[in-house]
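Structure first, commentary second.
Order of listing sets the numbers, starting from 1, for every ligand and every atom in it.
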Amino acid sequence: MHKKPLLVLLLLLLRVIAPQQLWAEDGYRLWQRYNLVQDAAKLAAYRQLIGELIITGDSPTIAAARKELQTGLSGLLGQTVMVSKEPGQAQVLVAGTPASSALIKNAGIADRLKPLGDEGYLLLTTQQNGRSYTYIAANTDIGVLYGSFHFLRLLQTNQDISKLSLSSAPKIQHRVLNHWDNLDRTVERGYAGFSLWDWHRLPDYIDQRYIDYARANASVGINGTVLTNVNANALVLTDDYIAKVAALAGAFRPYGLKVYLTARFSAPIELGGLKTADPLEPQVQAWWKAKSDEIYKAIPDFGGFLVKANSEGQPGPQNYGRNHAEGANMLADAVAPHGGIVMWRAFVYDDKEPDDRAKQAYNEFKPLDGTFRDNVLVQVKNGAIDFQPREPFHPLFGAMPKTPLMMEFQITQEYLGQGTSLAYLSPMYKETLDADTYAKGKGSTVAKDIDGNLHKHQLTGIAGVANIGTDRNWTGHHFGQANWYSFGRLAWNHTLSSEEIADEWVRMTFTNTASFVKPVKDIMLASHETVVNYMTPLGLHHIMAWDHHYGPGPWIKNKHRADWTSVYYHKADENGIGFDRTKTGSNAVAQYFPPVAKQYGNLKQVPEKYLLWFHHVDWNYKVKSGRTLWEELCYRYSDGVKGVQQMQQTWESMQEQVDEERFQHVKTFLSIQEKEARWWRDACLLYFQTFSKRPIPKDLEQPTHTLEHYMRLDPKFVPGI
Ligand code: BDP
């Protein structure tokens with residue numbers, strides 16, 4: 001008998017600590033940890049307001065929302081939440097659509113729901129008969145799911161939920177991840193293990209990871225995923241693989257996540273046995289139509305195709321003397337009867353060496369404006385070269401009024417330290433989104449072009465090249481999760497600030513404790529600039545190591561084409577450094593609208609962060625700090641290293657506030673990053689010094705090795721190639 005109270009005590013204790021203790025903090029749960037709310041007052045308030053949950057309806061999406069709310073709330077509140085059909089005595093949380101829930105239908109909120117479209121939602125508190133009703137209401141089931149995630153986020157971040165009145169709808173229609181995943185499960189530029197898609201075990205085995213992946217995406221509103229690499233393999237279009245793709249689509253469907261595939265342009269030859277893939281040939285068109293019909297038969301809500309054509313050796317319409325629009329339109333016609341879209345990439349890098357590679361996409365695509373079908377989006381990378389640590393916005397933005405342009409960001413950190421660097425990329429995304437193209441005068445931001453406002457397009461989209469793999473924590477670096485998260489949040493609402501997004505992510509992923517949130521947010525917000533400083537300050541670009549792109553390689557030259565080398569981009573010589581893209585050089589600035597062209601083209605007015613992107617600048621040139629360009633370069637590189645050391649110090653002081661497993665993981669990665677930062681700084685400064693012939697200022701740390709040492713470093717089997 002005397003054992004009973006003890007048992008009760010033990011059970012009680014378990015109930016309080018269980019949510020934290022039952023899971024290892026290995027990062028698997030991402031920002032969806034749903035640990036018990038630590039703030040006692042908040043916890044009490046939440047428990048009271050969510051006395052019971054009413055979520056009627058039986059669609060798979062409503063079922064997913066119900067499950068998420070039950071799991072989430074029981075974790076956050078530390079108690080099981082009653083699910084009922086009718087309001088009882090407690091205060092109630094009601095989720096649903098007017099069609100799935102009589103309570104929502106009769107709540108008198110029809111007017112507020114109307115403008116929210118088919119993905120938006122409303123979170124609203126009302127008082128009825130002296131009781132509080134909290135509604136998660138939407139026009140569609142997927143809106144209910146999105147609203148449920150938002151509601152959970154409010155609890156996860158300890159917000160007041162007693163007087164809710166907020167609605168939200170996405171600003172961009174297609175919010176898509178691009179996986180550069182190969183069918184053998186390697187991932188091009190992937191640094192978090194292998195591909196999530198276990199093709200061999202598909203279609204029969206549905207890994208729980210697929211569901212958790214879909215949940216994570218839905219929680220930030222990502223509604224599409226391209227499963228395969230842009231360097232495409234036609235095999236995925238065969239019957240066997242279509243069945244596997246259909247199985248994945250089935251797993252994702254309840255979460256509103258559509259699947260897309262990359263289309264290899266030469267597939268009619270490789271799979272269909274045709275002699276040509278010429279888009280104007282009727283038999284080629286017929287092949288794609290039949291193939292699309294077959295795909296849609298298996299996957300009725302298939303999203304469509306993403307295509308990389310005539311770039312880096314990929315086949316395309318130009319092989320047959322046709323242009324990009326003719327290629328895109330053929331595929332667009334094939335998917336149009338099914339409501340599909342084509343995302344045609346503007347990342348073109350052909351086999352002829354241009355005078356300036358930065359100009360190529362604009363030169364090829366601008367003249368095609370107005371010739372694409374209505375269901376084609378042209379997908380443009382954020383900058384004109386290739387996902388460099390920092391790039392000015394791509395001149396195509398704003399410049400194709402008759403064509404919806406889709407943004408392509410890179411989430412995976414190909415040029416930003418890959419899997420081992422902490423670089424929070426929201427500030428980089430925002431820099432592009434907020435840039436003013438001046439296409440229709442001041443305020444014509446890139447964001448307005450891609451959300452359809454600038455040129456009045458209905459069809460809109462944004463893509464992020466995924467950083468996700470089989471690593472237990474999904475993204476290799478724990479902080480890589482923040483980039484997946486922030487891509488999704490910005491895709492939904494590009495007006496959010498990097499700070500707000502970091503704040504949410506840190507609270508949900510780690511803790512709400514202010515003494516952790518603030519400093520960790522600070523290191524995140526400074527991290528991108530830090531990486532730019534130790535890699536490519538002042539507008540330098542494309543000076544990374546050959547092929548695998550890991551580490552510095554400003555000395556890369558004499559390859560089979562100049563525009564694959566570093567010397568082509570930095571053009572360092574005895575006089576100075578930088579790529580002259582003004583009138584006296586390649587005149588790439590002229591591709592921008594006049595106010596931008598004028599600013600970037602003027603040595604005195606160009607933002608310093610883009611200085612060497614647009615100008616070849618004398619080593620003695622005085623920059624804003626009053627230093628010479630050479631000195632400034634030395635200080636920037638050194639600041640980059642110091643920035644990493646600062647991150648290390650901050651993280652070190654967080655030990656008490658973070659679980660041991662993630663603390664050690666991040667700590668170790670930061671020490672790798674510090675080594676990498678020194679490596680970049682020393683290698684680049686020693687190399688550029690051979691031209692500047694000036695000393696590294698004495699107050700700065702001097703390189704530890706010789707230039708030859710750095711030039712000899714040649715890591716093998718770098719992941720992600
Ligand atoms: C570059 C990558 C390469 C990709 C290419 C692309 O190095 O692996 O195939 O972009 O976007 O950044 O197509």
Check N231 against ligand 1 and report side chain, backbone, both or neither, counting heavy atoms closer than 4.0 Å. side chain
At under 4.0 Å between heavy atoms, is it the side chain or the backbone of Y415 that contacts ligand 1, or both, or neither? side chain
For ligand 1, which atoms have a heavy atom of F347 less than 4.0 angstrom away? 5 (C), 6 (C), 10 (O), 11 (O), 13 (O)
For atom 10 (O) of ligand 1, which candidate among K381, R189, R345, Q379 provides the closest heavy atom? K381
Should you measure from each heavy atom of E188, which atoms of ligand 1 turn up under 4.0 Å away? 3 (C), 4 (C), 8 (O), 9 (O)
For E414, take its heavy atoms, then give the atoms of ligand 1 lying under 4.0 Å from any of them. 1 (C), 2 (C), 7 (O), 12 (O)
Is the Lys NZ or Arg CZ of R581 less than 6.0 Å from the centre of Y600's six-membered ring, within 45° of the axis? no
Show which atoms of ligand 1 fall inside a sub-4.0 Å distance from at least one heavy-atom site of V230. 13 (O)
Can you sort out which atoms of ligand 1 are near H549, meaning under 4.0 Å from one of its heavy atoms? 7 (O)
If you count the atoms of ligand 1 from 1 in the order shown, which ones are under 4.0 Å from a heavy atom of D386? 1 (C), 10 (O), 12 (O)
Determine whether the side chains of N178 and Q410 contain a donor N or O and an acceptor N or O closer than 3.5 Å. no
Using the rule ring-ring contact (aromatic ring centres under 6.0 Å, His included), only one of Y260, F194, Y213 pairs with H179; which is it? Y213
